[in-house]
Amino acid sequence: MSETFTKSMARNIYLGGSVFFFLLFLALSFDTLGALPKRDNRQNITPQVALGKKVWEENNCLGCHTLLGEGAYFAPELGNVYTRFGGSKEAIMGFIASRPVEGIPGRRSMPQFNLSNEELEAVAEFLKYTSEINAANWPPNVQG
Amino acid sequence: MTTSRKHDAGGLPGDFAIWIFIFAELLVFGVFFLAYAFSRANNVELFNESQLHLNRIAGAANTVVLLTSSYFVVRAVAAIRADNARRCGHWLLSAIGMGSVFLVIKMFEFGEKFSAGISLSTNTFFMFYLSLTFFHFMHVILGIVILAAVLLKARSGGYSAANHTGVETGASYWHMVDLVWLILFPLVYVIH
Amino acid sequence: MTKTPLIRPCTLVWLILLALTGLTWFIGESGITGMAIVGFVLATTLFKSQMVVDYFMGLKHVRAAWRGLLFGYLLLVCGMIGVAYYISLT
Amino acid sequence: MQYSSQAVAKPYFIAAIGLFIGQILFGLIIGTQYVIGDFLFPEIPFNVARMVHTNLLIVWLLFGFMGAAYYLVPEEAERELFSPKLAIAMFWIFLVAGALTIVGYLAVPYATLAAATGNDLLPTMGREFLEQPTITKIGIVVVALAFLYNIGMTIITGRKTVINIVLLTGLTGLAVFFLFSFYNPINLVLDKMFWWWVVHLWVEGVWELIMGAILAFVLIRLTGVDREVIEKWLYVIIAMALITGIIGTGHHYYWIGTPEYWQWWGSIFSALEPIPFFMMTVFAFTMVNRRRKEHPNKAATLWALGCAVMAFLGAGVWGFLHTLAPVNFYTHGSQITAAHGHMAFYGAYVLIVITMISYAWPHLHHKAPAANGRAQLFEMWSFWIMTISIVFITLFLTGAGILQVYLQRVSDTPLPFMVVQDKIALFYWLRLWTGVIFFVGLCLYVYSFFAKDNKSLASS
């Protein structure tokens, strides 16, 4: 290399470049925060949905399932489970409540979480709220 | 480490590090331009219709402004090569002034669009228009910051005919900002 | 190393670039379009950008590979824009 | 070893390797559960075992990073560590907190753990990789701050090299972005959006600074190439990593409710993310080829080169495979993601920590620049066994992912998730057996620490 290539200029590129792109990222994130109210279904966040999210988190549901594609890949996607179960909260509640304690021999099984009826309803409501988020038409089909 | 050896070596003007940055930036802009072009091919009517809402006079004026500021930067480099740091400073200041004019015109243009309720989420065309021009807008700001840093050093006698790599480095970046706009203007404002 | 050879072509280049920008703007205003016009605008753009590379950036005076790299980049970008435009016509 | 306080790195490295073993064991458990669904059910359900697998990974890498910092910072700063006592105290606090958390995961149901640790007061649990109880998270912050203080004081009062400064920025960023793990809004989209500020800005942002700094440190020592050259390229590489990686966060904002423009911004910038990894590979090989001395630690050179190559393959190539929005629409949240995750973490972060251990351990333990030839031979064998295993694990998961995507999402008659899982079980079996071979490689690696050379074998 016959060109001038100094360490101090390389450092300037590093510092300037990262500050520049971080500011750009902040600007885009700021725009996103402004655009979200039209997409994120926040008008349907009720105390029940809040409880549902808490139940979802405190039983580590994401340890097996994906929600909008994020989580573990051991069990089905649940972002659209409300749609997949025919728009029935009862079906979701019934499924969770009826898991056998000892599992299903030889097969993957969801644990029995012993949720109260209030918690069951809350989780179902949370999943309904999730299914109504505008996720750019993802997943590709009802199978998730 | 800081003396310029480019004339005997035929290497790129300025510090090589800035050129790595310039190549990276050109790559990003290039991909962005092609993304625009091929998205347009799939949504010709939407793009043509939306393009009518752009302020082409502002776009053309900004091209003139940027070209002129680039020219001023060339004069600044020539001045320092002639060992005239004072004149180099004047040209740099003029270039920064032109860059600021660009920003003012652009902000006027953005204001026009925002008050019409246009945002990144309006449609694909305006997503690209705002993304590309805002991305470029930020580069103009960065370019001005770089030129200002060079100007300060030039004023304090930091450059001479024998040692002016810093001026060439700043100049190269500024020309890149100009270069990108030269493609952006016809692509987004004119071609339909 | 001397000053005049640098400035004189650059002033001319600057004026040419301004004139070509005016032409591009005029084409946009007149509303005329079609593959030929767009091809012309893109060719102008390629020419203008290469002028900036050669004279403003000063790559005319450095190792040819660098200039070639940038020319290749500009050719690719302008060319692919042309291809995309051609696709949009069909 | 030039400074006696560098020795505090030793317990950190031992803990890292110990937890690595645990991580792989739990990996084997969940690998088995993929094919024998009721394995260890209901004692250790999949979600618990997976949480242990991923959390152990994060914790041992953090141990590795901290150990690496304690080893290299004094040498770079040319002074003793600011406070070796603080470093040892933090080691024990971190280890005990980590162990208690893992025990908590395994001993009681997660909901009980959440209730017992007061998740109600500040709910942060139950999100992927951030499953730790809030109190553990606070503990992590405390340890991180004490660590940064210790390292920072050493650097500020000592020689400031590029490696030290880059490492310090990386570690500071690691601590700062972790703070977003305390932000858990009820709005799911906001939750996910800022969750990535921890996860993405860690692994595709500030961790790359740490990785680059460690790699540069080791390369200077192993090759004897001029520090100026290596540091210059370190700056350029991490600059490229951040230029592409920060906006690259957008590749996680395609389908979680964030606006559509992220599909463009994310695709364009993350498509360029392989560039810094490619530069790192070229950089590592160039430096080794231009070496000015023959360092006796051949194993460390192998780990370092392997790290550069595997990081490029795993993070660069396998990342690029599914980063473009139109592809990701089909592959998002499938086994393709798992394939990429395994090779990227192994290539970039597992290998950089082992590179550092491999370089530092002989100095720490034997007061010599390299372990004996037989120990190095075992190290090299373990490198090849683990690396080839991870390549095959990645390939099998990619195969599983392609089939899954086709059957479940692309075909005209999409099949339900569990039906598809049964159809691709063969790939999971292959992955599991490859995982066992990986574990053999890991055992060999552990053995290499105890391997005596032929001479002492013959005399005994």
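These figures come from a predicted structure and were not determined experimentally. Hydrogens, waters and symmetry mates are skipped; everything else that's a heavy atom, side chains included, is used. In the text below, chain A, chain B and the rest are named by the order of the sequence lines, each starting its count at 1.
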Novice: Chain A heavy atoms under 4.5 Å from D/Y253: which part of the residue, side chain, backbone, both or neither?
Specialist: side chain

Novice: Go through A/E77, A/E102, A/Q112, A/R42 and name the one with the most non-hydrogen pairs under 4.5 angstrom from chain D.
Specialist: A/E102

Novice: Step by step, work out the side chain to side chain contact (heavy atoms under 4.5 Å, CB included) result for A/R11 and D/V162.
Specialist: CA-CA 9 Å; A/R11 185 196 59 218; D/V162 175; over 6 Å; no

Novice: A/L24 versus chain D, heavy atoms under 4.5 Å apart: side chain, backbone, both or neither?
Specialist: both

Novice: Check each atom of D/Q263 against the heavy atoms of chain A and say whether the ones under 4.5 Å are side chain, backbone, both or neither.
Specialist: side chain

Novice: Got D/Y330 and A/P140 here, is their nearest side-chain heavy-atom distance under 4.5 Å?
Specialist: yes

Novice: Ignoring hydrogens and geometry, is there a side-chain-to-backbone donor-acceptor pair from A/N141 to D/Q408 under 3.5 Å?
Specialist: yes

Novice: Which atoms of D/Q33 come close to chain A, meaning under 4.5 Å heavy atom to heavy atom: side chain ones, backbone ones, both, or neither?
Specialist: both

Novice: Compute whether any side-chain donor of one residue and acceptor of the other, for D/W255 and A/E70, lie under 3.5 angstrom apart.
Specialist: no

Novice: Does any part of the side chain of A/M9, heavy atoms only, come nearer than 4.5 Å to the side chain of D/K232, both counted from C-beta?
Specialist: no

Novice: Please determine whether the number of non-hydrogen atoms from other residues, nucleotides or ligands lying under 6.0 Å from atom CD of A/E132 exceeds 12.
Specialist: yes

Novice: Do the non-hydrogen side-chain atoms of A/F20 and D/I243 ever get within less than 4.5 Å of each other?
Specialist: no

Novice: Checking heavy atoms, do the side chain of D/V229, its backbone, both or neither come under 4.5 Å from chain A?
Specialist: neither

Novice: Can you name the one residue among D/V48, D/L113, D/N47 that meets side-chain contact (heavy atoms from CB on, under 4.5 Å) with A/N60?
Specialist: D/N47

Novice: How far apart are the closest heavy atoms of D/V236 and A/A10, and which atoms are they?
Specialist: CG2-CB, 4.1 Å

Novice: What verdict does the side-chain hydrogen bond (donor to acceptor under 3.5 Å, both in side chains) test give for D/Y261 and A/D31, after you've listed the backbone C-alpha separation in whole Å, the side-chain angles of each residue and the deciding distance to 0.1 Å?
Specialist: CA-CA 11 Å; D/Y261 57 77; A/D31 181 87; 2.6 Å; yes

Novice: Name the region of D/P416, side chain, backbone, both or neither, that has any atom closer than 4.5 Å to a heavy atom of chain A.
Specialist: both

Novice: With rounding to the nearest 0.5 angstrom, report the CD1 to CG distance, D/I256 to A/L67.
Specialist: 10.5 Å

Novice: Is there a side-chain contact between D/F329 and A/P139 (heavy atoms, below 4.5 Å)?
Specialist: no

Novice: Side chain, backbone, both or neither: which part of D/M240 has a non-hydrogen atom closer than 4.5 Å to chain A?
Specialist: neither

Novice: Sort out for me which of A/S18, A/G144, A/P105 touches chain D most, counting heavy-atom pairs under 4.5 Å.
Specialist: A/G144

Novice: Answer whether the closest heavy-atom distance between the side chains of A/W138 and D/R409 falls below 4.5 Å.
Specialist: yes

Novice: Answer with side chain, backbone, both or neither: which region of D/L407 has an atom nearer than 4.5 Å to a non-hydrogen atom of chain A?
Specialist: neither

Novice: Could you look at D/Y428 and say if it's the side chain, the backbone, both or neither that has a heavy atom under 4.5 Å from chain A?
Specialist: side chain

Novice: Please report the interatomic distance CH2(D/W262) to OG1(A/T32), rounded to the nearest 0.5 Å.
Specialist: 5.0 Å

Novice: In terms of heavy-atom pairs under 4.5 Å, which option from D/Q335, D/Q421, D/E231 contacts chain A the most?
Specialist: D/Q421

Novice: What is the distance from atom CG of A/N59 to atom OG1 of D/T112, rounded to the nearest 0.5 Å?
Specialist: 9.0 Å

Novice: So for D/M125, is it side chain, backbone, both, or neither that comes closer than 4.5 Å to the heavy atoms of chain A?
Specialist: backbone

Novice: What I'd like to find out is whether the side chain of D/L188 reaches to under 4.5 Å of the side chain of A/Y129, using heavy atoms alone.
Specialist: yes

Novice: Under a 4.5 Å heavy-atom cutoff, which of D/L190, D/L234, D/D422, D/I36 has the most pairs with chain A?
Specialist: D/D422

Novice: Examine whether an atom of D/P133 lies under 4.5 Å from a heavy atom of chain A, and if so say whether it belongs to the side chain, the backbone or both; otherwise answer neither.
Specialist: neither

Novice: Would you check if A/S29 and D/W197 make a side-chain contact, meaning some heavy-atom pair closer than 4.5 Å?
Specialist: yes

Novice: Would you mind telling me which of A/G52, A/A75, A/G17 has the largest number of heavy-atom pairs within less than 4.5 Å of chain D?
Specialist: A/A75

Novice: With rounding to the nearest 0.5 Å, note down the distance linking OH in D/Y235 to OG1 in A/T6.
Specialist: 11.0 Å

Novice: Pick whichever of A/L33, A/V142, A/T66 has the most heavy-atom pairs under 4.5 Å with chain D.
Specialist: A/L33

Novice: Quick one: what part of A/L26 sits under 4.5 Å from any heavy atom of chain D, side chain, backbone, both or neither?
Specialist: side chain

Novice: So which bits of residues 79-96 of chain A come within less than 4.5 Å of chain D, counting non-hydrogen atoms only?
Specialist: none

Novice: Check the pair A/Y73 / D/S334 against side chain to side chain contact (heavy atoms under 4.5 Å, CB included), numbers first and verdict last.
Specialist: CA-CA 6 Å; A/Y73 320 116; D/S334 71; over 6 Å; no

Novice: Counting C-beta onward and ignoring hydrogens, is there a side-chain heavy-atom pair between D/L242 and A/F21 closer than 4.5 Å?
Specialist: no

Novice: If I measure from the heavy atoms of chain A, does D/T169 come under 4.5 Å with its side chain, its backbone, both, or neither?
Specialist: side chain

Novice: When rounded to the nearest 0.5 angstrom, what distance separates NE2 in A/H65 from CZ in D/F46?
Specialist: 11.0 Å

Novice: Output yes when A/D40 and D/K192 qualify as a salt bridge under the 4.0 Å nitrogen-oxygen rule, no when they do not.
Specialist: no

Novice: One thing to verify: whether D/D38 and A/R108 come together as a salt bridge, which I'm taking to mean a side-chain N less than 4.0 angstrom from a carboxylate O.
Specialist: no

Novice: Most heavy-atom pairs under 4.5 angstrom with chain D, which of A/F113, A/F126, A/F74, A/Y14?
Specialist: A/F74

Novice: Looking at A/G106, A/A50, A/G16, A/C61, which one has more heavy-atom pairs under 4.5 Å with chain D than the rest?
Specialist: A/G106

Novice: With sequence neighbours left out, write down each residue that passes ring-ring contact (aromatic ring centres under 6.0 Å, His included) with D/Y406, or none if nothing qualifies.
Specialist: none

Novice: Top residue by heavy-atom pair count (under 4.5 Å) with chain A, among D/E131, D/Q404, D/M418, D/R127?
Specialist: D/M418

Novice: Which heavy atom of D/D120 sits nearest to which heavy atom of A/K54, and what is that distance?
Specialist: OD1-CE, 2.7 Å

Novice: Under a 4.5 Å cutoff for heavy-atom pairs, which residue among D/V410, D/D191, D/V420, D/I30 has the most contacts with chain A?
Specialist: D/D191

Novice: For atom NZ of D/K160, is the number of surrounding heavy atoms from other residues, nucleotides or ligands below 6.0 Å larger than 12?
Specialist: yes

Novice: Under the ring pair (Phe, Tyr, Trp, His ring centres under 6.0 Å) criterion, do D/W265 and A/F25 qualify, and how do the steps go?
Specialist: CA-CA 10 Å; D/W265 283 94; A/F25 182 58; over 10 Å; no

Novice: So does D/E260 pair up with A/R39, basic N to acidic O under 4.0 Å?
Specialist: yes

Novice: Return yes if a side-chain donor-acceptor contact under 3.5 Å exists between D/N184 and A/K53, otherwise no.
Specialist: yes

Novice: Can you tell me how far the SG atom of A/C64 sits from the CE atom of D/M51, to the nearest 0.5 Å?
Specialist: 10.0 Å

Novice: Got more than 12 heavy atoms from elsewhere within 6.0 Å of CD1, D/I186?
Specialist: no

Novice: Using heavy-atom distances under 4.5 Å, tell me whether D/I165 contacts chain A through its side chain, its backbone, both, or neither.
Specialist: neither

